Visitor: 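One structure coming up, written as structure tokens, with questions to follow.
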Protein chains: 2
Amino acid sequence: MRPLFHPAIEDLRPEAILYALSDPERAAIFAQIAGVGSSGTCSALACLGERIIPKSSLSQHFKVLREAGLIRSERHGVVMSNHSRCSEIDKRFPGLILAILTAYGRLPVERNETLETQ
Amino acid sequence: MRPLFHPAIEDLRPEAILYALSDPERAAIFAQIAGVGSSGTCSALACLGERIIPKSSLSQHFKVLREAGLIRSERHGVVMSNHSRCSEIDKRFPGLILAILTAYGRLPVERNETLETQ
DNA sequence: TCAATAGTTCTGAATTTCTGAACTACGGAA
DNA sequence: TTCCGTAGTTCAGAAATTCAGAACTATTGA
């Protein structure tokens, strides 16, 4: 298994972020991770929506999110922990993640700790 | 030629907007239209970047932008005029377009007339 | 009526996405 | 140690999407 690639903050490209979040399943996964803060294993996120996401697809989704710079994944023993890189991204692209999650209706009304409201 | 489809504002879906703007060529076209305000013919936008976009591809790009609700196209004689639906979209998804165009580095520093800075 | 211009649709090749099956990595039990 | 179970990755082929040249349509002006 090759080591997980995480782009540096200065290498983030807006097209990759938009592409990653243009899939509602991926957006739901990311919203969950960003909402809960440091969050869950891949398998815990397998049935957020109306279907059970096959694990190979799920793995691909995480790869896309990771390589867009949206999340950071690290292995802890047998499970993978994923957390969002919202605050880093917000420095580079102010307001972007907040606007996207809001558009998806994924942000709670009360202030979210992992996102600066600018 | 079938009539051009423009979604109603309440039918706009964030995934379609993100997808449409996740292509740098389409984003450049949209930025140009949104920046200039009411803007140009398709062919006038054919060589914004490093290559000349084939006209069939260009036509597809416009269709994607149109069906995502980002632009409104109308035929005036032999040419097509396209203008952005930024202000409508901004009511539905506040800050989204501004954040995306800013991330792409496409917004002038001075205030843009077609976008509300909220 | 004809030619020119601007854009759309068609079509097949190339690319991408999806997902079941096989595989790898790690931890714990025996 | 070895074996087993869990968690996730990679492979591979089918399905879907994208790309762009060629053919087509619509409109204007001569």
Side-chain angles (χ1 to χ4, degrees), chain A residues 1-6 13 15-30 32-33 38-68 70-83, chain B residues 1-6 13 15-30 32-33 38-68 70-83:
Chain A
M1 245 167 245
R2 53 195 78 142
L4 303 176
F5 172 68
H6 293 94
R13 289 166 309 123
E15 57 267 38
I17 292 176
L18 298 186
Y19 173 74
L21 296 178
S22 72
D23 178 287
E25 265 176 5
R26 273 197 300 267
I29 292 169
F30 177 69
Q32 184 72 19
I33 293 174
S38 177
S39 155
T41 65
C42 298
S43 54
L45 298 166
C47 42
L48 283 179
E50 43 261 21
R51 67 156 193 153
I52 294 169
I53 306 173
K55 64 178 185 169
S56 57
S57 305
L58 206 52
S59 184
Q60 281 305 309
H61 282 335
F62 276 91
K63 186 180 181 199
V64 171
L65 291 171
R66 193 163 53 235
E67 299 192 347
L70 286 160
I71 63 174
R72 196 177 288 279
S73 312
E74 36 193 313
R75 185 176 266 271
H76 286 128
V78 76
V79 301
M80 212 71 165
S81 96
N82 296 285
H83 56 100
Chain B
M1 245 167 247
R2 51 196 79 140
L4 302 176
F5 172 68
H6 294 94
R13 288 166 310 125
E15 57 267 39
I17 292 176
L18 298 185
Y19 172 74
L21 296 178
S22 71
D23 179 287
E25 263 176 5
R26 273 195 301 265
I29 292 168
F30 177 69
Q32 184 72 19
I33 293 174
S38 176
S39 156
T41 65
C42 297
S43 55
L45 297 166
C47 42
L48 282 179
E50 42 262 23
R51 67 156 193 153
I52 294 169
I53 306 174
K55 65 179 186 167
S56 58
S57 305
L58 206 53
S59 184
Q60 280 306 309
H61 283 334
F62 276 92
K63 185 181 182 199
V64 171
L65 291 171
R66 192 164 53 234
E67 298 193 347
L70 286 160
I71 63 174
R72 196 178 288 280
S73 313
E74 36 193 310
R75 183 177 264 270
H76 285 128
V78 75
V79 301
M80 212 70 164
S81 96
N82 296 285
H83 57 100

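The figures that follow rest on heavy atoms only: side chains count, while hydrogens, waters and symmetry mates do not. Note that the structure is a prediction, hence the values are computed from the model and not measured. Chain A is the first sequence line, chain B the second, and so forth, proteins listed ahead of strands; every chain is numbered from 1.
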Visitor: What is the distance, rounded to the nearest whole Å, between atom CZ of Phe5(B) and atom C1' of dG7(C)?
Guide: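 Rounding to the nearest Å, CZ of Phe5(B) and C1' of dG7(C) are 20 Å apart.
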Visitor: May I have the distance from Tyr19(A) (atom OH) to dT16(C) (atom P), rounded to whole angstrom?
Guide: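 Roughly 10 Å, once rounded to whole Å.
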Visitor: Round to the nearest Å and state the distance from Glu25(B) atom CD to dC19(D) atom C1'.
Guide: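 Distance check: Glu25(B) CD to dC19(D) C1' gives 10 Å.
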Visitor: Nearest-Å distance, CD (Gln60(B)) to P (dT9(C))?
Guide: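 Rounded to the whole Å, the gap is 8 Å.
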Visitor: Assess the residue pair Arg26(A) and Leu70(A) against the criterion (side chain to side chain contact (heavy atoms under 4.5 Å, CB included)); give the C-alpha distance rounded to whole Å, side-chain angles, the decisive distance to 0.1 Å, and a yes or no.
Guide: CA-CA 11 Å; Arg26(A) 273 197 300 267; Leu70(A) 286 160; over 6 Å; no
Visitor: Check for a donor-acceptor pair, side chain of Arg75(B) on one end and backbone N or O of Gly77(B) on the other, with a separation under 3.5 Å.
Guide: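 Yes, because the side chain of Arg75(B) sits within donor-acceptor range (under 3.5 Å) of the backbone of Gly77(B).
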Visitor: In this structure, how many angstroms lie between the P atom of dA7(D) and the CD1 atom of Ile52(A), rounded?
Guide: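 It works out to 15 Å between those atoms.
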Visitor: To the nearest Å, give me how far apart NZ (Lys55(B)) and P (dA26(D)) are.
Guide: 15 Å
Visitor: Say whether, by atom type as modelled, one donor and one acceptor occur between the side chain of Ser22(A) and the main chain of Tyr19(A) under 3.5 angstrom.
Guide: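 Side chain of Ser22(A) to backbone of Tyr19(A), a donor-acceptor pair under 3.5 Å: yes, one is there.
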Visitor: Which of the following nucleotides, dT8(C), dT9(D), dC19(D), is nearest to the side chain of Arg66(B)?
Guide: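 So the nucleotide nearest the side chain must be dT8(C).
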Visitor: Rounded to the nearest Å, what distance is computed from the CG atom of residue Leu65(A) to the P atom of nucleotide dT9(D)?
Guide: 12 Å
Visitor: Closest approach to the side chain of Val79(B), judged atom by atom: which nucleotide of dT9(D), dT19(C), dG7(C) is it?
Guide: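 The answer is dG7(C).
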Visitor: Checking contacts here: which listed nucleotide (dC18(C), dC19(D), dT9(D)) is nearest the side-chain heavy atoms of His61(A)?
Guide: dC18(C)
Visitor: Ignoring hydrogens and angles, does a donor from either the side chain of Ser56(A) or the base of dG20(C) sit under 3.5 Å from an acceptor on the other?
Guide: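 Such a pair is found, so the answer is yes.
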Visitor: What's the closest nucleotide to the side chain of Val78(B) if the choices are dT8(C), dT6(D), dT27(D)?
Guide: dT27(D)
Visitor: The side chain of Ser59(B) lies closest to which of these nucleotides: dC18(C), dT9(C), dT9(D)?
Guide: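 Shortest atom-to-atom distance from the side chain points to dT9(C).
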Visitor: Can you identify which nucleotide, out of dA26(D), dA23(D), dT9(D), has its nearest atom closest to the Arg75(B) side chain?
Guide: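 Looking only at heavy atoms from C-beta outward on Arg75(B), the closest nucleotide is dA26(D).
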Visitor: Looking at Leu4(B), I'd like to know if its CG atom is crowded, meaning that more than 12 non-hydrogen atoms belonging to other residues, nucleotides or ligands lie closer than 6.0 Å.
Guide: yes
Visitor: Starting from the 5' end of DNA chain C, give me the residue, Pro54(A) or His76(A), whose nearest nucleotide shows up first.
Guide: Pro54(A)
Visitor: Where the side chain of His83(B) meets the backbone of Glu74(B), is there a donor-acceptor pair that is under 3.5 Å apart?
Guide: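 No: the side chain of His83(B) does not pair with the backbone of Glu74(B).
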Visitor: Looking across every strand, which nucleic acid part, if any, lies under 4.0 Å from Arg26(A) by heavy atom: base, sugar-phosphate, or nothing?
Guide: nothing
Visitor: In whole Å, I'd like the distance from the NZ atom of Lys63(A) to the C1' atom of dC18(C).
Guide: 14 Å
Visitor: Please determine, for the side chain of Ser57(A), which listed nucleotide (dC19(D), dT19(C), dT10(D)) has the closest atom?
Guide: dT19(C)
